[in-house]
Number of protein chains: 2
Amino acid sequence: MANDNKVWNQNDAVPSLVQSKRQIERYGLDVDAQAILVATRLLAAGTRLGHASEVHFARFGLSTGRYRVLVELEDNEGEALPSQLAENLGVTRATMTGLLDTLERDGLVSRRTSAQDGRQRSVVLTEEGAKRLQAMAPEHFARLEAMVGLLSIEERGVFLDLLGRVTQGISALTDETIEPDKPAGESRKKQHRSKG
Amino acid sequence: MANDNKVWNQNDAVPSLVQSKRQIERYGLDVDAQAILVATRLLAAGTRLGHASEVHFARFGLSTGRYRVLVELEDNEGEALPSQLAENLGVTRATMTGLLDTLERDGLVSRRTSAQDGRQRSVVLTEEGAKRLQAMAPEHFARLEAMVGLLSIEERGVFLDLLGRVTQGISALTDETIEPDKPAGESRKKQHRSKG
DNA sequence: CAAAATTAGTTAGGTGCCATACTATATTCA
DNA sequence: TGAATATAGTATGGCACCTAACTAATTTTG
């Protein structure tokens, strides 16, 4: 029993409504406790998701980021520029360099200098990289499917809608200034979603 | 324009249904494309949430983990054991040591050796730590509230329910083996939620 | 055309978190 | 009582990702 084995306890770190209320009262703030509860649960879920994702991909010798690079390459006929990849994945070029370093070391991609532009280095998905994706696909997708398995088809649709709006709301955490409260239920007309 | 300024583009990295379908078809798998879409969007949201959370707390000179330590201390009359804190926050003791190191360096907590048990070190929320929490509370909670501001009251309730089940589903990513598919909509009677 | 500015990629250094292995202090029990 | 064991906390080293600064190659422009 020398192994502590930190298994995610499911109960830890899931904030309760009373906790939210207590905190709000402590400082005498004028905010809706349920809203705070939802937000807090969401943050906790985000943490768990990130961690679970890494555990998941580690099974296949990948990380979340490296997997996404491989998929992006596959969606691009197996070849792309590092800067393209960084752009599409929403990470910095520096991060992409690191991801590609590891992928190249593992033989899943290869880099070669571009003929046209000496600054560019073309990234190519290797045979081995393609095989890796293929090999992991069944389990990967089965687990993803299982993740939302507690939701019915209709609920998935509802969840997708709500998650979309909440995802937009994430910017409330990162924006420079706080925007005035928008009660929701109206005033929601122009919400550009996706790009292409 | 020397500054690249990687602002989270909102559009990046949000997977589309066609992408999901294409991947599934590529390997001839028998999974529901919408389920995959939901799962994939969720993972993307998780990544963004984690990042946004760090940006948010950095405004107050904290990280997500360090903030949670302070709150946990406050909920505990300002004093607790590192192992307690680690347990309650769902991180390892090693991680807690790191969090406390920084908090102590910044004067927000202090450590003193226990009299009863020489192995234990009691962690105390300092005056300054309490002040920090108080100072950040208005903006912190306002931003959290704004984050779910695009959802109506009713929608928040629905979201909370769905999120709860999805959160349970996260274990599908981390479990050793894949469980057989549970269609949902029935066979869902005994789902213990929370602990207290 | 040479100097200045831009661009692609990388390196260097930092944060957050983790797992493993170690130290020091109890506790158990033979 | 003294050796084996358990426990609390920490140090070490790892990975993912970031920003800022740097190198090399290309484009702009005077």
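Protein chains get the first letters and strands the later ones, always in sequence-line order, with residue 1 at the start of each.
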(request) Not counting sequence neighbours, list each pair that qualifies as a ring pair (Phe, Tyr, Trp, His ring centres under 6.0 Å) and has a residue in residues 88-141 of chain A. (result) A:H56-A:H140, A:F57-A:H140, A:Y67-A:H140
(message) Quick check on side chain to side chain contact (heavy atoms under 4.5 Å, CB included): which of A:L103, A:T126, A:L108 does A:R132 satisfy it with?
(response) A:L108
(request) With sequence neighbours excluded, tell me which residues meet salt bridge (charged side-chain N to carboxylate O under 4.0 Å, His left out) with A:R143. (result) A:E139
Check: [Y] main-chain N/O paired with [X] side-chain donor or acceptor under 3.5 Å:
X      : Y      : answer
B:R41  : B:P15  : yes
B:S20  : B:I36  : no
B:T167 : B:L163 : yes
B:T92  : B:T95  : yes
A:Q19  : A:S16  : yes

(message) Looking at C:dT10, I'd like to know if its phosphate oxygens (OP1 or OP2) sit under 4.0 Å from a side-chain N or O belonging to A:T97.
(response) yes
(request) Ignoring backbone atoms, establish whether A:R121 has a side-chain N or O less than 4.0 Å from OP1 or OP2 of D:dA25. (result) no
(request) Run the salt-bridge test on B:E155 and A:R165 with the 4.0 Å N-O cut-off and return the result as yes or no. (result) yes
(message) Go nucleotide by nucleotide along DNA chain C from the 5' end; which of B:T95 and A:L81 gets its closest nucleotide reached first?
(response) A:L81
Gap between atoms [atom1] and [atom2], on [X] and [N] respectively (whole Å):
X      : N      : atom1 : atom2 : answer
B:H51  : C:dT15 : NE2   : P     : 15 Å
B:R112 : D:dG9  : CZ    : P     : 13 Å
B:L100 : C:dT15 : CG    : P     : 17 Å
A:E87  : C:dT7  : CD    : P     : 13 Å

(request) Given salt bridge (charged side-chain N to carboxylate O under 4.0 Å, His left out), test A:R156 with A:D161 step by step and report yes or no. (result) CA-CA 9 Å; A:R156 285 176 203 164; A:D161 169 37; over 6 Å; no
(message) Among residues 55-67 of chain A, which ones have heavy-atom contacts with DNA chain D below 4.0 Å?
(response) A:S63, A:G65, A:R66
(request) Assign B:S83 to base, sugar-phosphate, or nothing according to its heavy-atom contacts below 4.0 angstrom with the strands shown. (result) sugar-phosphate
(request) Please determine, for the side chain of B:V91, which listed nucleotide (C:dC18, C:dA26, D:dA20) has the closest atom? (result) C:dC18
For nucleotides 5-7 of chain D, give me every protein contact, N/O to N/O, under 3.5 Å, one pair per line with atom names.
unit_1 : atom_1 : unit_2 : atom_2 : d
D:dT7  : O2     : B:R119 : NH1    : 3.2

Grab the N/O contacts between the protein and nucleotides 2-5 of chain C below 3.5 Å, and write none if there aren't any.
none

Report all side-chain donor-acceptor pairs from residues 70-78 of chain A shorter than 3.5 Å, counting only partners two or more places apart or in another chain.
unit_1 : atom_1 : unit_2 : atom_2 : d
A:E72  : OE2    : A:N88  : ND2    : 2.9
A:E74  : OE1    : B:R26  : NE     : 3.2
A:E74  : OE1    : B:R26  : NH2    : 3.1
A:E74  : OE1    : B:Y27  : OH     : 3.3
A:E74  : OE2    : B:Y27  : OH     : 2.5
A:D75  : OD1    : B:R26  : NH2    : 2.8

